[in-house]
Amino acid sequence: MNLPHMPHPHIEFRKKQGAATIASEHTGFNGWLAVNITNVVGTMWCAYAFAVLAMISLPDAIKAGTAPLIAWIAQTFLQLVLLSIIMVGQKCLLRRRTKQALQTYKDAEALLEISNDLHALLKENTSLTEAVHRLVEKMPDRDVKQ
């Protein structure tokens with residue numbers, strides 16, 4: 001029963017497919033526009049520009065009293081400046097997670113190849129063992145005395 005080794009079809013499929021990345025996903029015009037706006041707004045330079053813009057209205061908020069000052073902090077500074085800073089942090093985290101995902105993908109690819117090689121070796125070993133058994137069966141019985 002010497003069957004040739006047939007790798008699992010998923011191995012070839014994975015080789016053709018490659019790793020799933022954000023760049024390989026089709027997002028259409030809306031996705032393209034959102035990504036480009038996010039790339040511009042999600043920079044520290046944009047956060048600095050928003051901070052400067054927010055500071056222009058700070059003196060008026062201070063003069064107006066406590067409630068307008070709190071509103072300025074919550075509605076102007078926090079939303080305008082921290083949003084960009086949070087986006088920068090998210091982009092940094094995304095890069096790290098993407099790197100980890102690609103490493104995991106490569107590890108899985110290697111494990112699939114090792115498993116495929118092991119499967120081929122097991123088939124070869126089974127074939128050789130069967131051949132040895134056939135040869136042993138053909139040998140005449142000998143009474144070995146010690």
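Keep in mind that what you see is a predicted model, and the values were worked out from it rather than measured.
Remark: Thr43 pairs with no residue by the side chain to side chain donor-acceptor pair (under 3.5 Å) rule, at least two apart or across chains. Phe50 is linked by a ring pair (Phe, Tyr, Trp, His ring centres under 6.0 Å) to nothing, counting only residues two or more places apart in sequence or in another chain. By the side chain to side chain donor-acceptor pair (under 3.5 Å) test, Glu113 pairs with Lys15, sequence neighbours left out.
Residue Lys63 holds its NZ atom at 10.5 Å from CG of Leu58, rounded to the nearest 0.5 Å. The structure places CG of Leu78 at 9.0 Å from CD1 of Ile86, a figure rounded to the nearest 0.5 Å. To the nearest 0.5 angstrom, Asn116 atom CG is 8.5 Å from His119 atom NE2. Arg97 contributes atom CZ, which lies 8.5 Å from atom CD of Gln100 (distance to the nearest 0.5 angstrom).
Residues Val35 and Val40 are members of separate hydrophobic clusters, defined by side-chain heavy-atom contacts under 4.5 angstrom among Ile, Leu, Val, Met, Phe, Trp and Tyr. Criterion: ILVMFWY side-chain heavy atoms under 4.5 Å apart, direct or through other members. Under it, Ile70 and Met55 are not part of a common hydrophobic cluster. Residue Leu82 is grouped with residue Trp45 when hydrophobic side chains (ILVMFWY) are merged at heavy-atom distances under 4.5 angstrom, including chains of intermediate members.
Every pair passing salt bridge (Lys or Arg N to Asp or Glu O under 4.0 Å) that includes a residue from residues 98-110 is listed here, sequence neighbours excluded: Arg14-Glu109. Within the structure, side-chain hydrogen bond (donor to acceptor under 3.5 Å, both in side chains) contacts touching residues 73-87 (residues at least two apart or in different chains) do not occur.
Shown here for Ala47 and Ile85, the closest heavy-atom pair between the two residues is CB-CG1, 3.8 Å.
With hydrogens and angles ignored, the 3.5 Å screen pairs a side-chain donor or acceptor of Thr129 with a backbone N or O of Asn125. Between the side chain of Trp72 and the backbone N or O of Ala54 there is at least one donor-acceptor pair closer than 3.5 Å. Of the possible polar contacts, one joining the Thr38 side chain to the Ala34 backbone as a donor-acceptor pair under 3.5 Å is found.
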Chi angles and distances behind the side chain to side chain contact (heavy atoms under 4.5 Å, CB included) call for Ile37, Leu33 | CA-CA 6 Å; Ile37 290 172; Leu33 184 61; 3.9 Å; yes
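Cluster note: Leu118 groups with Leu122 through ILVMFWY side-chain heavy atoms spaced under 4.5 Å, whether in direct contact or through intervening members.
Residues Leu83 and Met87 form a side-chain contact, since some pair of their non-hydrogen atoms from C-beta on lies under 4.5 Å apart.
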